[in-house]
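No hydrogens, no waters, no symmetry mates; every other heavy atom, side chains included, goes into these values. One-based numbering, in listed order, for ligands and for the atoms of each. Position 1 is the first residue of the sequence; numbering continues from there.
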Amino acid sequence: MKRNFIIIILTLSSISVLRCAELITLNTNKLSTVLEVDDKGRLLHRYFGNKLVDTSPFLSKMLYRTTEYGTPNEAYSTMGGKNFREPALRITHFDGDLNTELQYNRHERHFDNEKGIEILVLFLRDKKYPLEVKLFYKAYYKENVYVMYTEITNHEEDNVVLHNYYSFYLPVDARQYYLTHFYGIATTEMSVEEIRLTHGMKSIETRKGIRSTHSENPSFLLSLNNPMNENNGEVIAGALAWSNNFKLNFELDEFNTLNISAGINPYAGEYHLATGKSFVTPPMVYTYSSNGSGDASRNLHDWARKDGLYAPTEIRPIVLNSWEGVYFDFNEQSLKDMIDGAAYLGIEMFVLDDGWFGNNYPRNSARMGLGDWQVNRKKLPNGIDSLAKYAKNKGVKFGIWIEPEMVSPESDLAKRHPEWIVKVEGREAPLRRNQWVLDLSNPAVQDFIFNAFDSVLQLSNDISYIKWDANRHIESVGSSWLPADRQSHFWIGYTEGLYNVYERIRKKYPHVIIQVCSSGGGRVEYGSLKYHQDFWASDNTDAFSRAFIQYGSNLIYPAIATGAHFSHVPNRHTKRIIPAKFRMDMAMTGRLGFEMKLQDLTGEESQNLKKAIKEYKEIRDIIQFGDLYRIVSPYDESGYYALMYVSKDKRRSVFYAFCLDYKGYLSTVNFKLNGLDDNKNYTITELNNPKPVFWGNGKTIKGDFLLKEGFNPQLQNIYQSIVLYLEASDSNSEIISHKPVKKP
Ligand code: GLA
């Protein structure tokens, strides 16, 4: 790499610094990021893509097609200088100056060899004022993932105001851009949309504060030049780790450069940064692949299972959650019956959902009681401990639901602490689901929530799982804790308060499993997942809908964290009646769980479930720690959805296919498998079927054949499905190399 060479020219009035341009490269095993310090001391972005052996040609390569009209590709764009793009950083300085021009000062590298991470820190400073910005780029070598965030420090004479303070900025050059992003309300979370970006700005954002991933998700996949494809083409994928208002901008400018900025939403969020203080922006996780979106997702999943989830290397237990089985309508006996059912089926964790607390305002419906985290003595006279012990004796672990950020108007807490409620003096605080939000920017509220969690855990030594819910979003924002001129700090204050509580909880309870739920999948993002083992993907447990919800979720978030529950029929949301096998097969594609009473099952169904649960236990390590290969998208016109997981050593795999829309026997399709070793022979076993129907069941087939030709499992009706387990065999048993044709 070229040495930094500095010529200092003294003039009468000023000192100008001229330097030779310098390149700064940060690699992973397969990728390179190349930045340039140009001769004016600016930090420019030069390259993000497959690993480069020699980056030096960048020093002689003309950067600007448009020196006169354009704007340089900065590493972190600001309002100021020649930039007219959406600035990642926009500041009003202490004296009202609206411009910021960052100059490179120096950089450092830090290594975490144990984790295989390199951190590049670039020190920048405004040309005029002592306003410092550090850019952090973390490279995860093996996972081929980068994480970017920034730290902004004010050394000016007085406060500055941060307007835009994004975590991430990336200029990209391609011929065309296809953006895949997510939308959805409770029951349609993570629905997938792909659009070709046109010139101008497309933003993905939320202003809801909580339930921030109902409506959109802070993540994306961007396919360059062609629409997204699983196995081919260049894809950039990213996800912001922030549990509140976010904004991702895709600005396609007149030179056809796509400028991506992502971070905290500037909406009503001006941040006053006092002299001497720093602000750190949340991490943006991103990756690149020239082998399509499948590879990009697998990189993100690998990253999540290293640094993105809480306890990422622990197998997740099979859960029975009480909600759809009994809702608010239970007593000790009915819960014991559910625990008995769980034990019988081989379920490992029983979770008591909403409705167990409140005495003056008993929680027998969603009308009252939130905030009063004491056991309802009438409903459960022997308390939680006796239930947890009962479960323990049956070999089942015990978990419980809380919604600690909320308060019902009808609760002891609301009467005691009206000042803790998010509201504006003189305006009515709107209710949603009959509840208000507690003002987590207030340290007293943070203490209350920590203590509420703590006191719930004290109800029994045998609580090992918490479902943490948050069932409304925030509007009509106001905090009686924050000063009048700092109300715009509310969103950040709330989120920092939440993370502060999580940190305290995790210190005291490192082993408790905490599921994140927010009316289903309203908080599915890597800011919260850092503290949680799994997320409740949706209240919609209909297996047909789940094909779409789980497919979308797993484009960004891994299956190990995706709560996927079997529930009874007709489904409470869609009224669909789907066969138990299909429902179970779909639940088995994620972190398996249940929402039902055993009494709702026929004897045959419970026998089958028992067997399938046993089988899931034997293969779940492949689902939870293996590589996901999407074979057919549920959005595909064929009407089929197929996917598979392959263990890292490629010796074991699980394949699933589902018929979502049967178009006649002439249109059944062949599935080419993916991710297997073409040289290995795989023995196939059909799972979750007492009477296997697959023609290849028990046969051994060469990986090469499975990859190139695949098979047609003959799913000949809507809601038919199949699960196959493939294991590499070293035997010379029968090798099938032809495709049998079954006449309907
Ligand atoms: C939310 C959750 C559900 C359930 C109910 C309880 O809707 O998403 O799973 O816990 O709250 O009130």
Side-chain angles (χ1 to χ4, degrees), residues 184-190 208 210-215 243 319-330 334-335 338 349-358 361-373 376 379 398-411 431-437 452-453 456 463 465-473 513-525 528 532-542 545-546 549-550 553 561-568 571-574 587 590-597:
I185 187 69
T187 71
T188 60
E189 290 94 335
M190 295 301 276
K208 287 179 171 168
I210 303 175
R211 292 206 295 211
S212 61
T213 64
H214 273 167
S215 57
S243 311
V319 171
L320 169 62
N321 185 52
S322 69
W323 184 239
E324 285 192 40
V326 289
Y327 296 104
F328 291 104
D329 185 18
F330 57 81
S334 55
L335 297 180
M338 289 186 99
M349 177 80 67
F350 172 73
V351 179
L352 171 55
D353 207 290
D354 200 351
W356 59 268
F357 52 91
Y361 302 94
R363 181 78 173 168
N364 292 324
S365 73
R367 229 166 48 74
M368 57 174 74
L370 288 175
D372 300 347
W373 300 106
N376 181 327
K379 236 171 173 174
F398 189 84
I400 197 161
W401 178 97
I402 55 171
E403 195 184 356
E405 295 158 72
M406 304 289 164
V407 58
S408 309
E410 292 189 62
S411 66
L431 284 166
R432 279 188 189 271
R433 212 192 189 216
N434 308 303
Q435 63 198 58
W436 289 314
V437 182
F453 187 100
V456 169
I463 296 178
Y465 186 108
I466 293 283
K467 175 173 174 181
W468 180 306
D469 212 338
N471 280 315
R472 63 160 292 168
H473 38 266
I513 297 176
I514 312 179
Q515 177 184 63
V516 62
C517 172
S518 182
S519 305
R523 223 181 222 169
V524 181
E525 40 74 29
S528 65
H532 293 273
Q533 279 90 335
D534 74 65
F535 61 87
W536 183 221
S538 179
D539 272 3
N540 185 350
T541 52
D542 170 71
S545 310
R546 278 296 183 130
I549 293 166
Q550 291 169 198
S553 300
T562 309
H565 292 188
F566 174 101
S567 64
H568 53 69
N571 183 269
R572 69 186 270 244
H573 286 292
T574 64
R591 195 283 281 127
L592 177 64
F594 296 83
E595 300 266 337
M596 46 144 214
K597 290 198 294 285

Report yes or no: do E324 and T541 form a side-chain donor-acceptor pair below 3.5 Å? yes
What residue and heavy atom of the protein are closest to atom 3 (C) of ligand 1, and at what distance? D539 OD1, 3.3 Å
What do you reckon, does E324 put a non-hydrogen atom under 4.0 Å from ligand 1? no
Do any nitrogen or oxygen atoms of D353 come within less than 3.5 Å of a nitrogen or oxygen of ligand 1? yes
Regarding ligand 1, does N321 bring an N or O atom to under 3.5 Å of one of the ligand's N or O atoms? no
Numbered atoms and elements of ligand 1 in range of G520, under 4.0 angstrom, heavy atoms: 8 (O)
Between W468 and F453, what is the ring plane arrangement, given parallel below 30°, perpendicular above 60°, and tilted in between? tilted
Per-atom contacts, ligand 1 versus N471 - under 4.0 Å to a heavy atom: 1 (C), 7 (O), 11 (O)
Under 4.0 Å from any heavy atom of S519, which atoms of ligand 1 are there? 8 (O)
What class does the angle between the rings of F357 and W401 fall in, given that below 30° is parallel, 30 to 60° is tilted and above 60° is perpendicular? parallel
Closest heavy-atom pair and its distance - E410, R367: OE2-NH1, 3.2 Å
Going by the 4.0 angstrom heavy-atom rule, the piece of R433 near ligand 1 is side chain
Taking it one step at a time, do V524 and E189 satisfy side-chain contact (heavy atoms from CB on, under 4.5 Å)? CA-CA 9 Å; V524 181; E189 290 94 335; over 6 Å; no
Nearest neighbour of atom 2 (C) of ligand 1 from the list V351, L370, D469, on a heavy-atom basis: D469
Identify which one of K208, R211, H214 satisfies the side chain to side chain donor-acceptor pair (under 3.5 Å) criterion when paired with H473. R211
So, 4.0 Å and heavy atoms of K467: is ligand 1 close enough to count as a contact? yes
Provide the closest heavy-atom pair for S243 versus S528 in the form atom of the first, atom of the second, distance. OG-N, 3.2 Å
Indicate yes or no: does an N/O atom of R363 lie under 3.5 Å from an N/O atom of ligand 1? no
Within the 4.0 Å heavy-atom shell around D354, which atoms of ligand 1 are there? 6 (C), 12 (O)
Smallest separation among heavy atoms of I549 and M190, with atom names: O-CB, 3.9 Å
Against ligand 1, does C517 come closer than 4.0 Å with any heavy atom? yes
Salt bridge or not for E405 and R523, using N-O below 4.0 Å? yes
